[in-house]
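One structure is given here, and the rest of the page talks about it.
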Amino acid sequence: MERMERIDRTGPGEPGARQQERAGEQAVGAARPVPGGRSAPLASFAYTAADEEKRRGVRRMKTTATGLLLLVALVYVLATWAKSAGVGGWPGFVAAAAEAGMVGALADWFAVTALFKRPLGLPIPHTAIIPTKKDQLGASLGSFVGENFLSGDVVRGRIHALGVGGRLGSWLAEPEHADRVTAELSTALRGALRVLRDSDVQAVVGEAITRRANAAEIGPGLGKMLEKIVADGGHRKMVDLICVRAHDWLVLHGDSVMEAVQGGAPGWTPRFVDKRVGERVYKELLRFVTEMRDMPGHPARASIDTFLTDFAADLQTDSDTRARVERLKAEILGRGEVQDVIASAWSSVRTMIIAAAEDEQSELRLRARASLMALGARLASDSRLRAKLDGWLEDAAVYVVTTYRAEITSLISDTVASWDADQTSRKIEAHIGRDLQFIRINGTVVGALAGLLIYTVSWALGA
């Protein structure tokens, strides 16, 4: 009995070098190789001060269970002595009860001890179950979880019962909740934009815009747009503006125009002739521009309409015109200045978005908040939308658990396999050992009652 109690007490209460050795094993336990060739653990399983406190409670319960065993043993000795001394009646009943209580206590002690270690240190088969069967238990636990918790029907039914759509709608419909979500989204957006490298994004944006522009022919699109503008008369305002500007410029720079005409005259003509020609050209040019400005039906305006209409048609149908437009587009896109403008667009957009995300009263955040509240109100009132959202969530969850069930269950089995066997046994015993000691106590009591009942029946039948 003393040997049994000494083995039961093995653990955190060990003195001296052995306790230090076990503490060292705990510190390096997570780094030990695990079966299957895995050399690195997936999780630590540290033995904490809280576990030590629980283990002290387990030792107290062990003392109580062992003390009860010693008590029934003492009762058995006294009852047997009384019976051999000639005392009739009660000693037989007491001895039978005490004897059965000892058997029950010893059987349950063996069963409880066999979970965590080898009773009395003997290599009895099917003992020290947790240290020796830890990996198999982890694999079985992973399979159990996969079959009973990660099946498609279970996950779908659970999510359907939660009613996520209705709960989310009611929650988002509250202004303070919408503010909170908006703030979190703004923080995430700012963080993402700050993490991105401007040079990388600019390169991607520039390449995407250039590639898309080169891939799409712009001639037909420009032709259709120009055709619509001419048909709607939208170009006339531009013609009016040009005529007004040209007239004003000619009025202000008449001398320059006449000097330019005179400077282009032959050297052999008299100067007064050149002057008269210059004045005549200037007056005719000013008259022409003035008439164009003041006469909506001027023939030159009709000529411009015809030219633009023909040009719009050529952009859509004439291969030579379309090819010239494509070459011009390529030349423009290839210029460094244009590429710099495209690249710098990201910096402007990024700065604008960050500023809007930081400002609680910005249009971006106000619109996001209003959209979230509107979505919440609609979810709360629209059963079809709720059903659609719940269906999406159910399908997504089922896809995840069915696709990655093996990885999820292997996380359980591999984690258990990475734990140190002795440390795992001690930790589990610290958590459930107190209840297991009640099994020893109950075994003693139930065994004693069973022995008393059997003896009483046998005595009554005259056996």
Side-chain angles (χ1 to χ4, degrees), residues 155 158-216 218 221-222 225 329 332-401 403-404 407-408 411:
V155 172
R158 182 57 180 167
I159 294 180
H160 181 76
L162 290 175
V164 177
R167 294 187 179 186
L168 179 62
S170 300
W171 191 82
L172 282 178
E174 298 294 332
E176 59 272 18
H177 296 158
D179 289 339
R180 178 180 175 184
V181 175
T182 303
E184 295 297 337
L185 290 176
S186 299
T187 301
L189 179 61
R190 294 197 305 270
L193 292 176
R194 288 193 173 100
V195 167
L196 294 175
R197 294 176 55 185
D198 287 346
S199 58
D200 295 338
V201 178
Q202 288 172 356
V204 171
V205 171
E207 181 183 358
I209 294 177
T210 303
R211 183 173 63 250
R212 181 65 181 271
N214 287 327
I218 64 172
L222 289 176
M225 181 176 65
K329 179 191 70 175
I332 293 174
L333 289 175
R335 295 184 64 86
E337 299 86 346
V338 176
Q339 291 296 318
D340 291 341
V341 171
I342 295 175
S344 64
W346 162 249
S347 299
S348 301
V349 172
R350 175 180 177 274
T351 302
M352 179 184 66
I353 294 177
I354 291 178
E358 291 176 346
D359 184 5
E360 295 183 359
Q361 300 301 320
S362 67
E363 187 68 18
L364 176 65
R365 291 188 60 164
L366 291 177
R367 286 183 177 271
R369 179 180 181 275
S371 299
L372 288 172
M373 293 184 64
L375 175 62
R378 188 178 175 191
L379 282 173
S381 60
D382 191 341
S383 59
R384 288 186 300 178
L385 182 60
R386 290 199 304 270
K388 184 179 294 187
L389 176 60
D390 290 339
W392 289 340
L393 293 176
E394 292 169 16
D395 293 341
V398 169
Y399 173 80
V400 170
V401 299
T403 305
Y404 301 101
E407 287 78 2
I408 298 173
L411 175 64

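Predicted model only: the values in this text are computed from it and were never measured.
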Give me the atom names and distance for the closest heavy-atom approach of [X] to [Y].
X: Val155; Y: Ala397; result: CG1-CB, 3.6 Å
X: Ala380; Y: Arg386; result: O-NH1, 3.0 Å
X: Asp390; Y: Val164; result: OD1-N, 3.6 Å

Q.
Could you work out, with ring pair (Phe, Tyr, Trp, His ring centres under 6.0 Å) as the rule, every residue matching Trp171, not counting sequence neighbours?
A.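 Ring pair (Phe, Tyr, Trp, His ring centres under 6.0 Å) list for Trp171, sorted by chain: His177.
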Q.
According to ring pair (Phe, Tyr, Trp, His ring centres under 6.0 Å), who are the partners of His160, at least two apart in sequence or on a separate chain?
A.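 Once residues adjacent in sequence are excluded, His160 has no partner under the ring pair (Phe, Tyr, Trp, His ring centres under 6.0 Å) criterion.
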(Q) I'd like to know if the side chain of Arg167 reaches the main chain of Leu162, judged simply by a donor and an acceptor atom lying under 3.5 Å from each other, with no hydrogens or angles considered. (A) yes
Q: Without swapping roles, check the side chain of Arg369 against the backbone of Thr182 for a donor-acceptor pair under 3.5 Å.
A: no
Gap between atom [atom2] of [Y] and atom [atom1] of [X] - 0.5 Å precision:
X: Leu364; Y: Leu185; atom1: CG; atom2: CG; result: 10.0 Å
X: Leu189; Y: Glu358; atom1: CG; atom2: CD; result: 10.0 Å
X: Arg378; Y: Arg384; atom1: CZ; atom2: CZ; result: 8.5 Å
X: Leu379; Y: Leu385; atom1: CG; atom2: CG; result: 4.5 Å
X: Ile353; Y: Arg350; atom1: CD1; atom2: CZ; result: 10.0 Å

Q: Decide yes or no on side-chain contact (heavy atoms from CB on, under 4.5 Å) for Asp179 and Glu360, but give the supporting numbers first.
A: CA-CA 9 Å; Asp179 289 339; Glu360 295 183 359; over 6 Å; no
Q.
I'd like to know if Arg365 pairs up with Asp359 as an ion pair, taking the criterion as any Lys NZ or Arg NE/NH1/NH2 lying under 4.0 Å from an Asp or Glu carboxylate oxygen.
A. no
Q. Would you say the side chain of Arg190 lies within less than 4.5 Å of the side chain of Ser186, judging by non-hydrogen atoms?
A. yes
